[in-house]
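Heads up: the structure comes next, in structure tokens.
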Amino acid sequence: MTEVKRRPDELAILGGDASFLTPLLVGRPAPFDRSRFFERLNWAMDNEWLTNGGPLSTELETRIADLVGARYCIATANGTLALQVLSRAVGITGEVIVPSFTFVASAHAFQWLGVNPVFCDVCPGTGCIDVAAAAAAITDQTSAIIGVHLWGQLCNVDELASLAYEHGLHLLFDGAHALGCTTADGLPVGTPWGKATILSFHATKVVHGFEGGAVVTNDSELATRLRGLRNFGNGIIGGHMYGGTNAKMSEASAAACLTSLESFEETVIKNQHNHQQYLNELRDLPGVRILDYAADTNNNYNYVIMFVDEATAGISRDLLVKVLLAEGVFTKTYFDPACHQMEPYSRRPWNLPVTERLGSQVVALPTGGKVNSEDIRRVCSIIRLAVLNGHKLTHV
Ligand SMILES: Cc1ncc(COP(=O)(O)O)c(C=O)c1O
């Protein structure tokens, strides 16, 4: 590994040595106590209860409900199935309004069920759903609005609740990024502004179970339907028009989630520290903005998001990504392309200028338990060198 770079000719893209011989990645699993995980796994295997609502997934449901401030938690195999089971349990049909600037699962989950996602634009500061744009997207086919708590920022929950109420629509939240996050009033992500919220425990999330997800809600009837629908429809008196599916969380996933949850606070502290260092190191760099999370809110800081404004920075986002890649820094352009720019949605004309602008500027930078302060110093020095010498890099 080389020292912090100070001259443009030291950049790997111009022939210098790469800064990181072991690649620095976005989305590495948060570390947890492996021996505790194996203890739980052994316990499950000794008890021969591996799935079907075993004690580990039941314990997880209690802990998650407590953490997010909801009455009921229904654990699922992943966040996408959580959205699908929720959609069926609520009876969503026709169209749902979804912000386009999100991971494509927020839309695909519905499209797979024959419900058409209608994309709306987002707010320029946060990237979260723009309520006026959501209102403009309502048609006589609209059944629900999906608020996405992007990067753990709780979207405009009160205004969305009023809009949904006014138009008689269901309101659901995709909180895949938002475990442990709150509004500025301190209200946690499971607060019932709508019918329910889904969570993801995918390997890249702040708490993970290799794969995993959940629906949290305060509605006891909905919770009963969700429990039935995730288990082939079993237990729903009189059945259900959609039958059911298999969306259950396994005990192995629950063992990992519970163990990961024990490291949650430590993970958030480390993430916050990393985020603050990126903010400090890049604060004065023209054309580069590290997304800061609103004062008074809690975030889990699982994402360090940078926006590159080419006109001011003098370098495009794509070129900066290339410069970093040559150094062994594997960034992600979350969420570019946006949902409406992907199949099967891109054939329809859309007018989402804020989404497209943010999409052209966005880069997620490496963070997490295994990224240390020296790593961040090096990454920031590369970004600084590239931005201050953008004109020397345009030919590469
Ligand atoms: C915003 C959002 N929604 C939904 C999902 C789907 O979750 P899962 O990967 O657990 O299916 C993800 C996954 O990363 C996501 O980022």
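Order of listing sets the numbers, starting from 1, for every ligand and every atom in it. Here the structure is a predicted model, which is why all the values come from computation and not from measurement.
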If you have a sec, work out which protein heavy atom is nearest atom 5 (C) of ligand 1 and how many Å separate them, to one decimal?
A105 CB, 3.7 Å
Would you say the ring centers of Y293 and H275 fall short of 6.0 Å from each other?
yes
Where is the nearest protein heavy atom to atom 13 (C) of ligand 1: which residue, which atom, and how far?
K205 NZ, 3.2 Å
How about T259 and D33: does a side-chain donor come under 3.5 Å of a side-chain acceptor?
no
Below 4.0 angstrom from a heavy atom of S200, which ligand 1 atoms are there? Numbered from 1 as shown, please.
7 (O), 8 (P), 10 (O)
Of the protein's non-hydrogen atoms, which lies at the shortest distance from atom 16 (O) of ligand 1, and what is that distance?
H177 NE2, 2.8 Å
Regarding Q272 and Q276, do their side chains bring together a donor and an acceptor under 3.5 Å, going by distance alone?
no
Atom 8 (P) of ligand 1: which protein heavy atom is closest, and how many Å away?
G79 N, 3.5 Å
Please collect all salt bridge (Lys or Arg N to Asp or Glu O under 4.0 Å) contacts where either partner lies in residues 61-71, sequence neighbours excluded, each pair once.
E59-R63, E61-R227, E61-R230
Is the closest basic N to carboxylate O distance between R384 and D284 below 4.0 Å?
yes
Look at atom 4 (C) of ligand 1 and say which protein heavy atom is nearest, naming residue and atom and giving the distance to 0.1 Å.
D174 OD2, 3.5 Å
Could you tell me which residues satisfy side chain to side chain contact (heavy atoms under 4.5 Å, CB included) with T267, sequence neighbours excluded, listed by chain and number?
A30, V206, S263, N271
How far is atom 12 (C) of ligand 1 from its nearest protein heavy atom, and which residue and atom is that?
F103 CD2, 3.5 Å
Does G213 reach ligand 1, in the sense of a heavy atom lying below 4.0 Å from it?
no
So, K205 and E211, do they make that salt bridge, N to O below 4.0 Å?
no
Please state whether G212 comes within less than 4.0 angstrom of ligand 1, counting heavy atoms only.
yes
I need the single residue from D336, T331, T333 that forms a side-chain hydrogen bond (donor to acceptor under 3.5 Å, both in side chains) with R317. Which is it?
D336
Answer with side chain, backbone, both or neither: which part of T102 has a heavy atom less than 4.0 angstrom from an atom of ligand 1?
side chain
Distance to 0.1 Å, residue and atom name: give those for the protein heavy atom nearest to atom 11 (O) of ligand 1.
T80 OG1, 2.6 Å
